[in-house]
Trainee: 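Got a structure for you, questions after.
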Amino acid sequence: MMRQIRQQWKELVEREILLYAKELLGTDDPVRELSIAVQTPPKPELGDIAFPLFVFAKVFRTAPNALAEVLRIRLGARTDLPEGDLLVAGPYLNVKVDVISLAGHLQQAVQAQGSGFGRNQTMAGKRVMVEFSCPNTNKPLHLGHLRNDSIGESISAILKANGAIVRKVNLINNRGVHICKSMLAYQKYGNGETPESAGIKGDHLVGKYYVRFAQWEKEDPTAMGQAQEMLRKWEDGDPEVLSLWRTMNQWTLEGVSQTYAKTGISFDQYYYESDTYMFGKDNVLKGLEQGVFYREEDGSVWIDLAEINLDKKVLLRKDGTSLYLTQDIGTAIARHTDWPFDSLIYVVASEQMYHFKVLFHVLQRLGHPWAKDLHHLSYGMVNLPEGKMKSREGTVVDADDLFAQLSLLAVEEIRSKDREDDVGDVAATGEAVALGALNYYLLQTNPTKDMVFNPAESISFSGNTGPYLQYMGARISSMLRKYESMREAHDDISFDGALLKIEEERELVKLIARYGESVEEAGRDLNPSAVATYLYELSRLFSKYYHDHQILKAETPQLVKARISLCAMVLQVLKNAYSLVGIPFLESM
RNA sequence: GCGCCAAUAGCUCAGUUGGAUAGAGCAACGGCCUUCUAAGCCGUAGGUCGCGGGUUCGAAUCCCUCUUGGCGUACCA
């Protein structure tokens with residue numbers, strides 16, 4: 001809503017500058033070439049919308065301060081201005097919006113739109129496919145996957161909130177040499193154990209054998225060759241290999257699904273590399289016929305990437321088996337056929353930037369016009385305070401372990417505060433708190449950046465954390481429950497924004513009005529941290545407000561009504577924002 | 001070597017796309033529970049925005065050099 005007000009004032013100021021130029025200089029041409037910036041002043045006293053006038057100083061040959069004064073007087077003389085006050089702050093012409101009327105509009109809008117408040121139509125009708133997670137079927141999920149999942153789920157929600165039609169897809173990496181490794185080790189050392197017999201989640205059991213292979217490989221130099229041989233058998237459709245493969249894949253996927261269920265991850269469609277890799281191969285061969293690729297003497301198929309200043313890249317091995325890139329070509333084409341998209345976003349770690357550069361180029365060379373609509377949402381590595389996670393050193397943080405640990409600590413926190421009775425289902429609440437903590441921690445940082453995951457900090461729950469944000473929602477909910485008992489006395493009183501005179505109240509109103517912009521920004525930049533930052537700002541302001549001022553015991557019933565309505569607005573915005581960054585809403589905690 | 005990305009308080013991160021006195025949290029220190037939940041609130045301290053140059057009325061933000069770190073440059077994924 002703030003956006004519209006801003007736009008309205010911008011047009012007015014722009015028009016006035018043009019008029020003034022025509023009067024003073026006889027022409028507005030030089031001004032037309034300049035564009036006026038719209039900003040938010042750093043302090044509330046300076047107003048809510050700022051127009052810096054530096055750029056116009058030259059044209060008018062006056063100091064920007066003087067120009068600001070002229071514009072203020074000229075605009076002030078108009079009768080068609082929207083509500084609000086104009087003020088000059090040095091070289092800025094600022095507008096103080098009318099908070100009272102803003103509060104009234106917002107109150108109606110929030111009430112009418114509810115969970116839809118903050119949504120916008122900037123991407124209306126656009127079909128966006130988002131690929132994320134993409135686990136291997138040879139090990140359980142770890143912290144790196146959790147960042148991927150958080151970003152993927154959040155971005156999908158954000159794009160939807162911007163009006164897009166979103167399809168979340170997962171690509172299961174269920175074939176290839178690495179998959180054969182765990183199978184081979186299982187054949188050799190498994191003794192027929194199953195998740196049931198071992199009492200281990202399927203993904204962890206398979207992961208155990210993937211690790212076992214690494215050990216075996218050190219002792220036996222033929223191990224790798226055997227894995228490659230197994231892959232050839234797999235591609236030849238060897239029944240025994242396929243049967244083991246199906247069994248172990250199933251184990252992993254069941255385990256991973258449980259993790260998804262706990263961490264709130266879901267997909268509209270699953271793709272499996274085992275289904276698409278042949279299709280990729282076909283397309284590579286087609287490209288070979290078209291002359292886009294070429295064949296080496298040993299039989300391998302290549303593309304020369306000199307066009308984009310890169311080296312040559314292999315697309316099919318000399319033994320004819322396909323590679324990661326081959327599969328991705330097939331998957332992309334299959335997807336566009338399945339569900340023609342306006343855009344496909346791959347949420348994949350930054351280490352694969354090169355891969356996607358090549359993939360997009362190959363698809364374009366193959367003549368797919370939609371190749372330009374592919375986008376790699378690259379996110380940085382997750383490191384630990386001690387440095388990189390290394391599987392060899394056993395420092396990889398397992399997703400299930402971490403989540404269990406966080407949940408346990410949340411439960412302890414609830415118990416230590418004697419909140420069991422208020423909370424109801426302690427275990428479920430603990431998990432909800434853990435999930436909020438985890439998602440917020442992972443989404444706070446701009447995806448493009450590497451980040452440090454400090455387990456101790458993520459579970460501390462004090463300061464700028466998910467639980468802090470959840471706590472605000474729970475506190476407001478608690479107040480609203482108490483308000484129910486005194487509601488009748490207030491039902492006939494209508495909301496009066498004019499009663500919200502305290503600075504924090506005015507700031508809250510304006511911040512609520514800006515929520516939609518943070519949703520837009522997050523969508524435009526594919527950056528959930530924009531919403532995360534907004535959420536924290538709103539929570540902190542509200543926290544200070546209700547700490548310092550009585551809501552339910554305010555002096556008059558009219559004031560109670562005004563304040564509790566403001567609280568309800570804040571709660572709705574919190575809920576809406578929570579849903580975009582994976583923070584579960586809790587009635588009490 | 002070449003390519004891509006990053007560098008902001010002791011630590012972890014924001015910074016409205018070039019604007020006003022660079023902000024939070026953690027850690028440290030000091031206050032605040034007879035009060036709508038103290039998972040909280042308030043205060044103190046902490047900065048050569050990696051270095052050097054350039055563009056501009058104006059730079060943490062844009063350009064160049066350098067330094068440091070990460071990633072990539074596989075017939076791995």
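Residue numbers begin at 1 in each chain, while the letters A, B, ... track the order of the sequences. All values derive from a computational prediction rather than experimental measurement.
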Trainee: Using a cut-off of 4.0 Å on non-hydrogen atoms, how would the nucleic acid contact of E537(A) be classed: base, sugar-phosphate, or nothing?
Mentor: nothing
Trainee: Which part of the nucleic acid, if any, lies within contact of A57(A), taking any heavy atom under 4.0 Å across all strands shown: a base, the sugar-phosphate backbone alone, or nothing?
Mentor: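 Nothing: the residue A57(A), judged by heavy atoms under 4.0 Å, touches no strand.
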Trainee: Ignoring hydrogens and angles, state whether a donor on the side chain of R147(A) or Y379(A) is under 3.5 Å from an acceptor on the partner side chain.
Mentor: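 On atom types as modelled, these side chains do not qualify, holding no pair under 3.5 Å.
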Trainee: Please, which pairs that meet side-chain hydrogen bond (donor to acceptor under 3.5 Å, both in side chains) have at least one residue in residues 46-61 of chain A, sequence neighbours excluded?
Mentor: D48(A)-K510(A)
Trainee: Not counting sequence neighbours, which residues clear side chain to side chain donor-acceptor pair (under 3.5 Å) with R175(A)? List them please.
Mentor: E235(A), Q327(A)
Trainee: Without decimals, in angstroms, what is the distance between D548(A) CG and G40(B) C1'?
Mentor: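 Roughly 11 Å, once rounded to whole Å.
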Trainee: Between Y471(A) and C36(B), is there a contact of a side-chain N or O with OP1 or OP2 at under 4.0 Å?
Mentor: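 The answer is no; no side-chain N or O of Y471(A) sits under 4.0 Å from OP1 or OP2.
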Trainee: Have a look at N138(A) and say if it touches a base, only the backbone sugar-phosphate, or nothing, with a 4.0 Å heavy-atom cut-off.
Mentor: nothing
Trainee: Let's see if you can work this out: which of A6(B), A20(B), C36(B) has an atom nearest to the side-chain heavy atoms of K449(A)?
Mentor: A6(B)
Trainee: Less than 4.0 angstrom from a charged side-chain N to a carboxylate O is my criterion; do E296(A) and K318(A) meet it?
Mentor: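 Looking at K318(A) together with E296(A), the answer is no, because their closest N to O distance does not fall below 4.0 Å.
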Trainee: R563(A) has an atom CZ; how far is it from atom P of C36(B), in whole Å?
Mentor: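 Whole-Å distance recorded here is 16 Å.
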Trainee: Assuming nearest nucleotide by heavy-atom distance, tell me which of Q39(A) and T429(A) is located more 5' along RNA chain B.
Mentor: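 On the 5' side of the pair lies Q39(A).
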Trainee: Does Q470(A) have any side chain to side chain donor-acceptor pair (under 3.5 Å) partners at least two apart in sequence or in another chain, and if so, which?
Mentor: none
Trainee: Checking S529(A) now: which residues fulfil side chain to side chain donor-acceptor pair (under 3.5 Å) with it, not counting sequence neighbours?
Mentor: N527(A)
Trainee: Could you tell me the separation between the CD atom of E69(A) and the CG atom of L53(A), rounded to the nearest 0.5 Å?
Mentor: 11.5 Å
Trainee: Roughly how many Å is it from CE in M472(A) to P in G40(B), rounded to a whole number?
Mentor: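 Value for this atom pair: 7 Å.
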Trainee: Take the protein atom CD of Q444(A) and the nucleotide atom C1' of G15(B), then report the distance between them rounded to whole Å.
Mentor: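 One finds 14 Å between C1' of G15(B) and CD of Q444(A), rounded.
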Trainee: Relative to the 5' end of RNA chain B, which residue comes earlier, F51(A) or R419(A), by the nucleotide with the nearest heavy atom?
Mentor: F51(A)
Trainee: Heavy atoms only, 4.0 Å cut-off, all strands: where does N309(A) land among base, sugar-phosphate and nothing?
Mentor: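 No contact at all - N309(A) keeps every heavy atom at 4.0 Å or more from the nucleic acid.
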Trainee: With syn defined as a glycosidic angle within 90° of 0 and anti as the rest, where does U37(B) land?
Mentor: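 Anti.
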Trainee: Which side-chain N or O atoms in residues 424-433 of chain A pair as donor and acceptor under 3.5 Å with protein atoms at least two apart or in another chain?
Mentor:
unit_1  : atom_1 : unit_2  : atom_2 : d
D425(A) : OD1    : A427(A) : N      : 3.3
D425(A) : OD1    : A428(A) : N      : 3.0
T429(A) : OG1    : D425(A) : O      : 2.7
E431(A) : OE2    : K262(A) : NZ     : 2.9

Trainee: Just the table, please: protein N/O against nucleotides 57-60 of chain B N/O, every pair under 3.5 Å.
Mentor:
unit_1 : atom_1 : unit_2 : atom_2 : d
C57(B) : OP1    : K58(A) : NZ     : 3.0

Trainee: Across the strands shown, which category fits A349(A) at heavy-atom distances under 4.0 angstrom: base, sugar-phosphate, nothing?
Mentor: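 Nothing: the residue A349(A), judged by heavy atoms under 4.0 Å, touches no strand.
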Trainee: Distance alone, cut at 3.5 Å: any donor-acceptor contact between the side chains of T40(A) and R6(A)?
Mentor: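 On atom types as modelled, these side chains qualify, holding a pair under 3.5 Å.
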Trainee: For P64(A), report the nucleic acid contact type (base, sugar-phosphate, nothing); a contact means any heavy atom under 4.0 Å.
Mentor: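 Since no nucleic acid heavy atom lies under 4.0 Å of P64(A), the category is nothing.
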Trainee: Determine, for nucleotides 70-77 of chain B in 5'-to-3' order, which nucleotides have protein heavy atoms under 4.0 Å from the base (write B), from only the sugar-phosphate (write S), or from neither (write -).
Mentor: SSS--BSB
Trainee: For the pair made of CG in L559(A) and P in C36(B), what is the distance, rounded to whole Å?
Mentor: 18 Å
Trainee: Check the surroundings of atom CZ in R3(A): do more than 12 heavy atoms from other residues, nucleotides or ligands lie under 6.0 Å from it?
Mentor: no
Trainee: Would C4(B) be called syn or anti here, given the cut-off of 90° from 0?
Mentor: anti
Trainee: So S588(A), base contact, sugar-phosphate only, or nothing? Heavy-atom distance under 4.0 Å.
Mentor: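 The answer is base, as S588(A) lies within the cut-off (heavy atoms under 4.0 Å) of a base atom.
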Trainee: Taking side chain to side chain contact (heavy atoms under 4.5 Å, CB included) as the definition, give me every residue that meets it alongside P135(A), ordered by chain and number, with sequence neighbours left out.
Mentor: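 Checked P135(A) against side chain to side chain contact (heavy atoms under 4.5 Å, CB included); matches are S133(A), L141(A), N170(A), I172(A), V256(A), Y260(A).
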Trainee: In whole angstrom, give the distance that lies between atom NZ of K357(A) and atom C1' of C2(B).
Mentor: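 One finds 12 Å between C1' of C2(B) and NZ of K357(A), rounded.
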Trainee: For a stem of at least 3 consecutive Watson-Crick or G-U pairs with distances under 3.5 Å, i pairing with j, i+1 with j-1 and so on, which stems involve RNA chain B?
Mentor: B:1-7 with B:67-73, B:10-13 with B:23-26, B:28-32 with B:40-44, B:52-54 with B:62-64
Trainee: Not counting sequence neighbours, which residues clear side chain to side chain donor-acceptor pair (under 3.5 Å) with Y272(A)? List them please.
Mentor: none
Trainee: Quick one, give me the B/S/- string for nucleotides 21-29 of chain B, reading 5' to 3', where B means a protein heavy atom under 4.0 Å from the base and S means that only happens at the primed atoms, P, OP1 or OP2.
Mentor: B--SSS---
Trainee: Assess whether a salt bridge exists between R415(A) and E412(A), defined as any Lys/Arg side-chain N lying under 4.0 Å from an Asp/Glu carboxylate O.
Mentor: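 No, no charged N to carboxylate O under 4.0 Å.
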Trainee: Answer with base, sugar-phosphate or nothing: what part of the nucleic acid does M451(A) contact at a heavy-atom distance below 4.0 Å?
Mentor: sugar-phosphate
Trainee: Can you tell me how far CG of L508(A) sits from CG of L500(A), rounded to the nearest 0.5 angstrom?
Mentor: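 Result: 9.0 Å between the selected atoms.
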Trainee: Who pairs with F54(A) by ring-ring contact (aromatic ring centres under 6.0 Å, His included), at least two apart in sequence or on another chain?
Mentor: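 Result, ring-ring contact (aromatic ring centres under 6.0 Å, His included) vs F54(A): Y92(A).
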Trainee: Rounded to the nearest 0.5 Å, how far apart are CH2 of W216(A) and CD of Q226(A)?
Mentor: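 Interatomic distance, W216(A) CH2 to Q226(A) CD, rounded to 0.5 Å: 4.0 Å.
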Trainee: Name the nucleic acid region contacted by S543(A), choosing base, sugar-phosphate or nothing; use a 4.0 angstrom heavy-atom cut-off, strictly under.
Mentor: sugar-phosphate
Trainee: Contact class for H376(A) (heavy atom, under 4.0 Å): base, sugar-phosphate, or nothing?
Mentor: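 The residue H376(A) makes no contact with any strand.
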